[in-house]
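Numbers restart at 1 for each chain; the letters A, B, ... are given by sequence-line order, proteins then strands.
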Amino acid sequence: MDTDLGLWAIPIAIIGGAIRVSTPFLFVSLGEVLTERSGRINLGLEGTLVFGAMSGYAVAYLTGSPWAGVLAAALAGSVLGLVHGLICSLPRVNDIAIGIAMMLLGMGLAFFFGKPYIQPVAPDLPSINFGWWSDLPQVQAALRVNVLFLIGIAAAIFMWWMFRATRIGLLIRVVGDSTDAARAMGLRPALIRTLATAAGGAFAGIGGAYLSLFYPGSWNEGISSGQGLMAVALVIFARWNPIACFWAALLFGGAGALGPALQSAGFSEGYYLFYAAPYVLTLGVLIATSSPTRAMHGAPGELSITK
Amino acid sequence: MSSPLFSRRVLLKAGAALAGTSALSAMPQIASASSPLTVGFIYVGPKDDFGYNQAHAEGAAAVKALEGVTVVEEENVAETVDVQKSMESMINFDGASLLFPTSFGYFDPHILEVAPKYADVRFQHAAGLWSADKHPMNVGSYFGYIGMGQYLNGITAGHASKTKKIGFVAAKPIPQVLLNINSFLLGARQVDPEITCQVIFTGEWSLAVKEAEATNALADAGCDVITCHVDGPKVVMETAAGRDCFICGYHANQSPLAPEKYLTGAEWNWAGVYTGMVETVMAGGTIDNFVRGGLADGFIKMSPLGPAVSDAARNQFEATKAEIIKGGFAAIKGPLNDNTGSVIAAAGEAFVETDIKLESMDYLVEGVIGSTS
């Protein structure tokens, strides 16, 4: 069978890469949307992601069940989020500084506890093959979709609906937009923010479990290469909208697949430039959507970066 | 949005913090006065990475077993001023008089900065190009001709490939990596001169997601045997096996990751090399400043052949291996062009494995699909 697709290989690889690489971006950015909508920034999600990757892999290896690993990663992430939330509830604490400290703590803990789990092989999360209709192995490989990706889409839609139409969503938004208004309504902003940060941490933990249990599917200390931080930036790019987070995550995943795909199709000169594609793209979109006349659309009012 | 810059800065900080804590944890093990020799090993990554650092750490473990030797180790040391601090603390706090800073980037300027200050300490650097007229005499360079291992990998790959296309995930286009890529293809071309090798550079020594993407891209492009030159080959091996490709290992034995798909692998064998060097120093001798060795000298070894290797492949593999061990073997020999059409070697011209010119390789040979920049 002739499997040489020529230039068609590039779009297939980009779609496949978008699906494979986007899930951690999606989960971390959803977690960050939840946290930031409540008026806090958790920059520590990179550390949460790495710690989630480690704890998920360790538990999956010890129990033999990848889903137990995902659960453990979510729990571990929410604990890290809770710590961040509680510390930031103290007066005059800067959430950005705490976030950086939590990031270093999360990575350090993950490296420390993760040592014995670098060598063993843990079971992978299952995936669903949506490419059964095609004879092409490339298409089949590209459309092998992990269940967590689908859960991520569902979570994005649910979160969008939650912010729009539910009481909880409204509470989070009120707290995020005006502490004074929230207090006047009798709400407890610190409590709501702490819970939102803990839930956000759980999302980031699940993102980490995807890294170690599906793609690339192993635990090592270089597993994340900054995805957690990029996902935090994605939230601004997505204007704090969960659905937009999904598209932004897909875009970043696909742009990340561009470099390898172009090299494999024979465009081998200047691969460092292709690897910069996601960042160039971000700059371009931010410039295109920026406005000199109005404030950033969709930004929660209580965020320390936009205040 | 300053996320990439920010990320790097923060990661460096994290690395520094980690290096600091591991330096602290190494401190209580100050060598006792009765110990005649303390040896320090410094790794750029985790010492159990299924790859480059693990290979060195296995060598360090063999040194540890020697009588009268204390070994201090530090992992995750960045190729920055961090490694200078690590070296100085091993010398001043642990009393180390023989150091093995094992990463390529430690050499210039870090070892060259520290070595002149400590004339009694010997600095042994893997892969660096030491030269007598430029560099201090208490610095030495050692490395192995692992390109020959990739050549043998290529022979098993040539037999196993049905698509006649093999793949290589490479970190950076430095001479050692280019020699490995070229050797892998030239080995495969001993089986079938029609075979081509697709290379994808990831740009960094350790980038898990990009390595997985590169492996998938190779599989999409029709490569059915894949090897790599990155620090930790685990991700490439698992991803390639998951895409139903055969795999050839690198640095260490990755066969446990996918025994059915593993053909063979080019492994470092530092245990013998390191114990030999340490024994030389303990006996009062001096290690040569420029040490190189291959299969014959036990610097490198091949993983046991996997179940997917055919009898024909096994025979050619063993015959070529015997020829390499005999010495004077040349993988790069004329007539040979690079993949832009320039002549590398005219007919009759050959670069044997020990040729120092191979250590400044800057080309990909004809049949390699890819580019060095």
Side-chain angles (χ1 to χ4, degrees), chain A residues 3-5 9 12-13 16-17 20-21 24 43 46-47 100 103-104 107-108 111-112 115 118-119 121 124 137-138 141-142 211 215-218 220-230 232-233 236-237 256-257 259-261 263-266 268-272 275-276 279 282-283 286, chain B residues 1-4 6-8 10-11 13-14 17-18 21 45-46 48-50 54 75-76 163 165 167 169 198-223 231-232 234-236 238-239 242-244 256-257 364 369-373:
Chain A
T3 53
D4 190 8
L5 301 179
I12 291 176
R20 285 190 297 258
V21 182
L43 276 185
E46 169 78 10
I100 292 173
M103 165 160 56
L104 296 178
M107 288 166 71
F111 292 177
F112 179 74
K115 271 285 164 231
I118 295 178
Q119 299 270 340
V121 178
D124 272 0
Q138 290 95 329
L211 281 177
Y215 194 78
S218 75
N220 64 61
E221 292 170 14
I223 189 85
S224 139
S225 50
Q227 273 137 313
L229 279 168
M230 275 172 64
V232 172
I236 303 173
F237 180 61
Q263 282 194 59
S264 79
S268 51
E269 301 271 344
Y271 47 85
Y272 281 105
Y275 287 149
Y279 312 106
T282 311
L283 274 179
L286 282 179
Chain B
M1 195 180 300
S2 63
S3 108
F6 182 61
S7 135
R8 176 143 319 150
V10 166
L11 288 175
K13 268 193 211 154
L18 278 171
T21 47
D48 37 14
D49 60 355
F50 256 109
Q54 182 174 327
E75 51 182 343
N76 286 320
T163 59
K165 205 168 169 199
V169 179
Q198 174 94 51
V199 58
I200 294 185
F201 289 99
T202 64
E204 275 302 332
W205 292 112
S206 182
L207 273 182
V209 172
K210 198 151 278 169
E211 285 158 17
E213 273 304 297
T215 312
N216 271 311
L218 289 175
D220 284 344
C223 301
D231 267 357
K234 190 181 179 194
V235 164
V236 173
E238 288 189 324
T239 311
R243 289 294 303 270
D244 217 22
L257 296 173
L364 292 165
I369 307 162
S371 141
T372 56
S373 61

- Item | A:Ala261, part contacting chain B, at a heavy-atom distance under 4.5 Å | backbone
- So which of B:Leu207, B:Thr239, B:Val209, B:Asp231 has the biggest tally of heavy-atom pairs under 4.5 Å with chain A? B:Val209
- Scored by heavy-atom pairs under 4.5 Å with chain A, the best of B:Lys234, B:Glu213, B:Gln198 is B:Glu213
- A:Lys115, A:Gln119, A:Gln227: which one forms the most heavy-atom pairs within less than 4.5 Å of chain B? A:Gln119
- Query: If you take all heavy atoms of B:Gly370 and B:Val199, which pair is closest and at what distance?
  - Reply: CA-CG1, 3.7 Å
- With sequence neighbours excluded, residues passing ring-ring contact (aromatic ring centres under 6.0 Å, His included) with A:Tyr275: none
- Greatest number of non-hydrogen atom pairs under 4.5 angstrom with chain A, of B:Ala219, B:Pro256, B:Gly203, falls to B:Gly203
- Highest number of heavy-atom pairs under 4.5 Å with chain B among A:Ser218, A:Gly217, A:Gly222 belongs to A:Ser218
- From the list B:Gly167, B:Gly45, B:Ala212, the residue making the most non-hydrogen contacts under 4.5 Å with chain A is B:Ala212
- Message: With a 4.5 Å cut-off on side-chain heavy atoms, are A:Asn220 and B:Phe50 touching?
- Response: no
- Which heavy-atom pair separates B:Ile369 from B:Lys165 by the least distance, and what is that distance? CD1-CE, 4.0 Å
- Task: Please list, chain by chain and in numerical order, all residues satisfying ring-ring contact (aromatic ring centres under 6.0 Å, His included) with B:Phe201, sequence neighbours excluded.
- Result: A:Tyr271
- Item | B:Glu211 portion near chain A, given a 4.5 angstrom heavy-atom threshold | neither
- State, to 0.1 Å, how close B:Pro46 and A:Ile118 come at their nearest heavy-atom pair, and which atoms those are. CB-CD1, 4.3 Å
- Query: Under a 4.5 Å heavy-atom cut-off, does chain A meet the side chain of B:Thr215, its backbone, both or neither?
  - Reply: neither
- Task: Would you give the length of the straight line joining atom CZ of B:Arg243 to atom CG of B:Asn216, rounded to the nearest 0.5 angstrom?
- Result: 5.0 Å
